[in-house]
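Since the structure comes first, as structure tokens, the remarks are kept for the end.
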Amino acid sequence: MPNTHKNWVKTLVIRRARSDDARFLREMLLEATYWRPGKPRPSLEQALTQPELVKVLAGWGRAGDLAMVATDGLGDRIGAAWMRLWTVA
């Protein structure tokens with residue numbers, strides 16, 4: 001992206017997710033699930049009624065969970081990545 005773009009990120013910070021990032025992780029889950037342009041997209045609240053999405057972040061912070069959050073130079077969240085080790089049910 002050219003330096004002339006008004007939203008150009010000059011500083012990128014990647015940090016471990018904190019408890020106050022929970023809503024942002026849910027928002028990023030929605031983005032990751034419904035990224036296709038022109039396809040139906042539910043609200044965050046509607047999406048989180050779907051069991052296959054709820055389980056991804058339910059009880060977040062247990063052993064085997066890891067999330068990283070990317071922020072710009074102002075501390076605004078701009079992205080996230082997470083993983084969860086699943087156990088046999």
Side-chain angles (χ1 to χ4, degrees):
M1 192 173 292
N3 289 338
T4 56
H5 191 277
K6 69 178 184 175
N7 292 323
W8 179 247
V9 176
K10 294 183 180 179
T11 303
L12 177 68
V13 176
I14 299 176
R15 61 168 173 77
R16 279 187 165 240
R18 306 179 303 237
S19 59
D20 64 326
D21 292 317
R23 178 164 177 88
F24 184 69
L25 290 177
R26 290 190 296 271
E27 291 169 357
M28 292 295 95
L29 177 60
L30 179 72
E31 293 299 325
T33 305
Y34 297 100
W35 61 270
R36 293 171 190 84
K39 298 287 183 180
R41 181 185 176 99
S43 69
L44 179 60
E45 292 73 23
Q46 291 170 329
L48 292 176
T49 63
Q50 299 174 36
E52 64 274 14
L53 293 184
V54 171
K55 72 179 182 180
V56 174
L57 295 174
W60 186 261
R62 68 186 191 195
D65 289 348
L66 174 65
M68 305 300 285
V69 173
T71 62
D72 64 12
L74 301 174
D76 293 326
R77 298 172 186 112
I78 57 175
W82 60 91
M83 62 168 252
R84 167 167 270 181
L85 296 178
W86 298 95
T87 57
V88 178

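These numbers were taken from a predicted model, which means no experiment stands behind them.
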For the residue pair Gly79 and Met28, what are the closest heavy atoms and their distance? CA-SD, 4.1 Å
So is Arg62 actually on top of Trp60's ring, under 6.0 Å and inside 45° of the axis? no
Quick one: does Thr33's side chain get under 4.5 Å of Leu53's, heavy atoms only? yes
Heavy-atom distance under 4.5 Å between the side chains of Thr11 and Leu74, does that happen here? no
Show your reasoning for whether side-chain contact (heavy atoms from CB on, under 4.5 Å) applies to Thr49 and Val54. CA-CA 7 Å; Thr49 63; Val54 171; over 6 Å; no
Are Val69 and Ile78 connected in the hydrophobic side-chain network, where two residues link if heavy atoms are under 4.5 Å apart? no
Just to verify, what does Arg23 make a side chain to side chain donor-acceptor pair (under 3.5 Å) with, not counting sequence neighbours? Glu27
From CA spacing to verdict: side-chain contact (heavy atoms from CB on, under 4.5 Å), Asp65, Trp82: CA-CA 7 Å; Asp65 289 348; Trp82 60 91; over 6 Å; no
Where Gln50 and Tyr34 come nearest, the two heavy atoms and their spacing: NE2-OH, 2.9 Å
Do Leu29 and Leu57 come within less than 4.5 Å of each other through their side chains, counting heavy atoms only? yes
Determine whether a donor-acceptor pair (N or O, by modelled atom type, separation under 3.5 Å) exists between the side chain of Arg41 and the backbone of Glu31. no
Rounded to the nearest 0.5 Å, how far does CZ of Arg77 lie from CZ of Phe24? 7.0 Å
Between Asp21 and Arg26, is there a salt bridge with N-O shorter than 4.0 Å? no
Do side-chain atoms of Arg16 reach the backbone of Met68 as a donor and acceptor pair under 3.5 angstrom? no
Separation of Leu85 CG from Met83 CE (nearest 0.5 Å): 4.0 Å
Any idea which heavy atoms bring Ser43 and Leu30 closest together, and the distance? O-CD1, 4.4 Å
Heavy-atom side-chain proximity of Val56 to Arg84 below 4.5 angstrom: no
